[in-house]
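We number each residue from 1, following the sequence as shown.
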Amino acid sequence: MKAYRVNVNGNVYEITLEVIDKADIKAAPAPKAAPAPAPAAPAQAGSKSVTAPMPGNILKVNVQNGQAVKAGDVLMILEAMKMENEIMAPSDCTVASVNVTAGTTVEAGTVLCTLA
């Protein structure tokens, strides 16, 4: 142990530091990579892709494959910048595929679901 006197903005502090060998230092483990999102289903002729308007996390998915939805129905909730954003159906249609689940992190432009 080594003792030091440090002056910070006119305030004097006494600190003690432990001297260690480089052999005692352990490297921190590298962070694990996030799993890659599932690839988007190919769009069919006449289908519409609903994409994420901004990066965020999917909090809730309100629809499932084959479900009929009306214009303005909330398909899912996207949390971005601590705000909940409703992703709504643009028109009356049927959900052809849902490409995300609750808890998924998405980037802007990620296909969330496909409507037919």
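- Residues meeting the side-chain contact (heavy atoms from CB on, under 4.5 Å) test with Ala102, sequence neighbours left out: none.
- The structure places CD of Gln67 at 10.5 Å from SG of Cys113, a figure rounded to the nearest 0.5 Å.
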Can you list the steps and then say if Asn65 with Val98 is a side chain to side chain contact (heavy atoms under 4.5 Å, CB included)?
-> CA-CA 6 Å; Asn65 292 347; Val98 178; 3.7 Å; yes
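- Residue pairs that meet the salt bridge (Lys or Arg N to Asp or Glu O under 4.0 Å) test with at least one member in residues 51-60, sequence neighbours left out, do not exist here.
- Nearest heavy atom pair, residue Ala116 against residue Cys93, reads O-CB, 3.1 Å.
- In the hydrophobic clustering, where aliphatic and aromatic side chains (Ile, Leu, Val, Met, Phe, Trp, Tyr) are joined below 4.5 Å either directly or transitively, Val8 groups with Tyr4, Val6, Tyr13, Ile15, Leu17.
- Here Val12 is tied to no hydrophobic group at all, with no ILVMFWY side chain closer than 4.5 Å.
- Applying the salt bridge (Lys or Arg N to Asp or Glu O under 4.0 Å) rule to pairs touching residues 6-16 yields Arg5-Glu14, sequence neighbours excluded.
- For Thr16, there are no side chain to side chain donor-acceptor pair (under 3.5 Å) partners two or more places apart in sequence or in a different chain.
- The nearest pair of heavy atoms linking Met54 to Ala80 is SD-CB, 3.4 Å.
- With sequence neighbours excluded, the residues that form a side chain to side chain donor-acceptor pair (under 3.5 Å) with Asn57 are Thr105.
- Every residue two or more places apart in sequence or in another chain that forms a side-chain contact (heavy atoms from CB on, under 4.5 Å) with Lys70 is listed here: Asp73, Asp92.
- With Ile87 as the fixed residue, the side-chain contact (heavy atoms from CB on, under 4.5 Å) test singles out one of Val74, Ile77, Leu112: Leu112.
- Val111 places none of its side-chain heavy atoms less than 4.5 Å from the side chain of Val50.
- Between Val69 and Thr94, the closest side-chain pair of non-hydrogen atoms is not below 4.5 Å.
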Verify side chain to side chain contact (heavy atoms under 4.5 Å, CB included) between Leu78 and Leu59, making sure each step is shown before the conclusion.
-> CA-CA 6 Å; Leu78 172 70; Leu59 290 182; over 6 Å; no
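- No side-chain heavy atom of Thr110 sits less than 4.5 Å from a side-chain heavy atom of Thr51.
- For the residue pair Ser47 / Thr114, no side-chain donor-acceptor distance below 3.5 Å is found, with atom types taken as modelled.
- Separation of atoms CG (Leu115) and OG (Ser91) is listed at 7.0 Å; rounding is to 0.5 Å.
- Looking at residues two or more places apart in sequence or on another chain, you find a side-chain contact (heavy atoms from CB on, under 4.5 Å) between Glu18 and Met1, Ile20.
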